[in-house]
Amino acid sequence: MPRTEFIATGFHVPERVVTNDDLATMMDTSDEWISQRSGIKTRHWVSDGETGATLAREAAHQALARAGMKPADLDCIVYCTCTPDHFEPGNGVFLERELGLRDVPALDVRNQCSGFVYGLSVADAWIRAGQYRRVLLVGAEVHSRGLDRTTRGRDTTVLFGDGAGVAILGPTDDPRRGVLSTHLYADGRHAEKLWVDAPGLAHDPYISEELIRAGKHRAVMDGREVFKFASVLMPQSVATALKANGLSPADLKLLVPHQANLRIMEMVQKTIGLRDDQIYMNIQKYGNTTAASIPIALHEALCEGRLGRGDLLVLTAFGSGFTWASAAIRW
Ligand code: ACO
């Protein structure tokens with residue numbers, strides 16, 4: 001059975017940069033508070049005409065160019081997002097249309113910050129089974145239009161940013177390379193600790209002025225609980241990925257964690273015992289871009305030469321659900 005390799009990556013963020021000082025003009029916050037609590041200095045927000053699908057299209061074109069491929073060479077799209085352009089249909093079909101494709105299957109994955117690793121697991125299984133040979137795996141988010149830009153929303157609004165990251169995946173016959181394993185987890189007991197309640201068909205009507213007035217369409221987070229669980233479960237998922245392959249932290253060339261929060265990533269680094277050069281962080285520039293954060297970080301790490309052929313890469317993610325996941329990859 002072949003393994004799945006990363007053929008090329010790409011990413012795209014909107015041009016508009018929003019600094020912590022910009023946020024301080026909209027709500028009661030400060031650069032000091034945001035920097036100390038999250039490590040974030042800037043994030044990108046979409047402007048008129050930009051959507052999740054257009055961000056993903058730009059990232060996809062970049063990866064296709066790097067791979068020397070055309071959109072028509074793709075035979076499947078897996079689109080991971082928790083901020084779809086519309087309630088229905090999912091964003092995969094809108095991206096398919098943007099890429100000028102017609103009969104390519106498009107799967108939407110709704111696993112929030114863990115979306116990219118969940119999507120990787122699905123794409124990997126399809127590729128190893130021989131069902132598809134060229135899968136475009138997308139993580140893309142437009143958070144900014146859903147954020148409460150007043151003081152009421154400051155605990156979540158300052159953390160999130162917009163962006164898209166993609167990978168083109170395909171089979172390799174080289175037994176020493178590719179995706180070694182993926183590990184997926186969920187615990188729905190914590191579903192309401194980070195969630196957007198509405199619109200939702202649990203409500204009748206599923207959207208109303210009352211729901212909007214109550215702010216039910218905004219992301220609500222119990223930050224302390226997220227911190228507590230993420231800082232334990234992310235290192236645990238890395239340990240699982242290493243153990244499953246008979247490896248140890250010393251074998252790790254690079255850990256690319258979901259860019260949730262600098263303090264969470266530092267806790268992950270400390271718990272596993274990694275040197276600074278063994279973990280990649282770029283949350284300072286982009287904020288938390290949820291499903292897009294891992295592919296954006298991976299692309300930048302590759303551009304900076306942090307990962308070479310044969311190196312061991314591990315991905316780990318944690319997010320709303322709670323869901324969490326990891327993957328071990330021999331580059
Ligand atoms: N600016 C200024 N003050 C703020 C802001 C803000 N943006 N947000 C909240 N505050 C205030 C609070 O109202 C509170 O004020 P009070 O004491 O008068 O009530 C004070 O700051 C302290 O609030 P705490 O909740 O105690 O702050 P804490 O130190 O716990 O930090 C934070 C909050 C940063 C959210 C922290 O809990 C955290 O890092 N949690 C992890 C959450 C996270 O990273 N989520 C990412 C998304 S989920 C994911 O990707 C996995």
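These values consider heavy atoms only, across backbone and side chains, with no hydrogens, waters or symmetry-generated copies.
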Item to complete: List the atom of Val13, the atom of Asp162, and the distance in Å for their closest heavy-atom pair.
Response: CG1-O, 3.8 Å
Discussion item. The test is salt bridge (charged side-chain N to carboxylate O under 4.0 Å, His left out); show your working for Asp28 and Arg154 and say whether it passes.
Written reply: CA-CA 8 Å; Asp28 183 11; Arg154 65 182 179 173; 3.7 Å; yes
Item to complete: Over all heavy atoms of both residues, which pair between Ala292 and Gly165 is shortest? Give the atoms and the distance, please.
Response: CB-N, 4.1 Å
Practice prompt. Flag yes if Val122 and Ile77 sit in one hydrophobic cluster, no otherwise; membership is Ile, Leu, Val, Met, Phe, Trp, Tyr, and two members link when side-chain heavy atoms are under 4.5 Å apart.
Written response: no
Item to complete: Would you please indicate if the ring centroids of His258 and Phe116 are separated by under 6.0 Å?
Response: no
Discussion item. Quick check on side-chain contact (heavy atoms from CB on, under 4.5 Å): which of Asp124, Ile127, Leu169 does Val179 satisfy it with?
Written reply: Asp124
Discussion item. Consider ring pair (Phe, Tyr, Trp, His ring centres under 6.0 Å). Of Tyr185, Phe322, Phe318, Trp195, which one does His190 pass it with?
Written reply: Phe322
Worksheet item: Can you name the one residue among Thr289, Thr83, Thr290 that meets side-chain hydrogen bond (donor to acceptor under 3.5 Å, both in side chains) with Glu141?
Response: Thr83
Worksheet item: Is a side-chain donor-acceptor pair under 3.5 Å present for Asn20 with Glu32?
Response: no
Practice prompt. Begin with the C-alpha distance, continue with both residues' side-chain angles, and end with the deciding distance and a verdict on salt bridge (charged side-chain N to carboxylate O under 4.0 Å, His left out) for Glu266 and Arg263.
Written response: CA-CA 5 Å; Glu266 285 170 349; Arg263 293 194 313 172; over 6 Å; no
Worksheet item: Are any non-hydrogen side-chain atoms of Leu254 and Asp311 less than 4.5 angstrom apart?
Response: no
Item to complete: Report the C-alpha separation of His217 and Asp197 in whole Å, then their side-chain angles, then the decisive distance to 0.1 Å, and conclude whether the side-chain hydrogen bond (donor to acceptor under 3.5 Å, both in side chains) test is met.
Response: CA-CA 6 Å; His217 59 306; Asp197 187 0; over 6 Å; no
Discussion item. Apply salt bridge (charged side-chain N to carboxylate O under 4.0 Å, His left out) to residues Lys41 and Asp31 and explain how you reach the verdict.
Written reply: CA-CA 7 Å; Lys41 300 301 277 184; Asp31 176 44; 3.2 Å; yes
Discussion item. Among Leu136, Val104, Leu99, which residue satisfies the side-chain contact (heavy atoms from CB on, under 4.5 Å) criterion with Pro71?
Written reply: Leu99
Worksheet item: So, Tyr79 versus Glu96: side-chain donor-acceptor pair below 3.5 Å or not?
Response: no
Worksheet item: Under a single-linkage definition using a 4.5 Å side-chain heavy-atom cutoff for Ile, Leu, Val, Met, Phe, Trp and Tyr, are Ile329 and Val256 assigned to the same hydrophobic cluster?
Response: yes
Worksheet entry | Flag, side chain of Arg149 to backbone of Ser144, donor-acceptor distance under 3.5 Å | yes
Worksheet item: Looking only at heavy atoms, what is the nearest atom pair of Ala186 and Tyr118, with distance?
Response: CB-OH, 3.8 Å
Worksheet item: Is the backbone of Phe11 close enough, under 3.5 Å, to the side chain of Glu58 for a donor and an acceptor to pair up by distance?
Response: no
Worksheet entry | Evaluation steps, side-chain contact (heavy atoms from CB on, under 4.5 Å), between Asn288 and Gln259 | CA-CA 6 Å; Asn288 181 337; Gln259 309 286 303; over 6 Å; no
Discussion item. Is the shortest side-chain heavy-atom distance between Trp126 and Asp75 below 4.5 Å?
Written reply: no
Worksheet item: Cut-off 3.5 Å, side chains only: do Thr19 and Thr42 have a donor facing an acceptor?
Response: no
Fill in: Heavy-atom pair with the smallest gap, counting every atom of Cys80 and Leu137
SG-CD1, 3.9 Å
Fill in: Sidechain-backbone polar pair: Thr316 side chain, Pro257 backbone, donor-acceptor under 3.5 Å
no
Worksheet entry | Met265 and Ile283, any side-chain heavy atoms less than 4.5 Å apart | yes
Discussion item. With a 4.5 Å cut-off on side-chain heavy atoms, are Thr4 and Thr172 touching?
Written reply: no
Worksheet item: Is Leu274 close to Pro249 at the side-chain level, that is, under 4.5 Å between some pair of heavy atoms?
Response: yes
Worksheet, complete the sentence: Heavy-atom nearest pair, Ile279 first then Arg306, reads O-NH2, 2.9 Å
Practice prompt. Please tell me if the side chains of Val46 and Arg145 come closer than 4.5 Å, counting only heavy atoms from C-beta onward.
Written response: yes
Discussion item. Determine whether Leu302 and Tyr280 satisfy the following criterion, side-chain contact (heavy atoms from CB on, under 4.5 Å), listing intermediate values before the conclusion.
Written reply: CA-CA 10 Å; Leu302 288 165; Tyr280 192 82; over 6 Å; no
Worksheet entry | Residue of the set Thr150, Asp148, Thr156 for which side-chain hydrogen bond (donor to acceptor under 3.5 Å, both in side chains) holds with Arg152 | Asp148
Worksheet item: Lys285 and Glu300: salt bridge (charged side-chain N to carboxylate O under 4.0 Å, His left out), yes or no, with the steps?
Response: CA-CA 12 Å; Lys285 292 187 283 183; Glu300 289 208 322; 3.0 Å; yes
Worksheet item: Which is it for His183 and Ser237 under the side-chain contact (heavy atoms from CB on, under 4.5 Å) test, yes or no, and what are the steps along the way?
Response: CA-CA 7 Å; His183 309 271; Ser237 76; 5.9 Å; no
Item to complete: Evaluate side-chain contact (heavy atoms from CB on, under 4.5 Å) for Leu242 paired with Leu312, printing each intermediate quantity in order.
Response: CA-CA 10 Å; Leu242 292 171; Leu312 180 68; 3.9 Å; yes
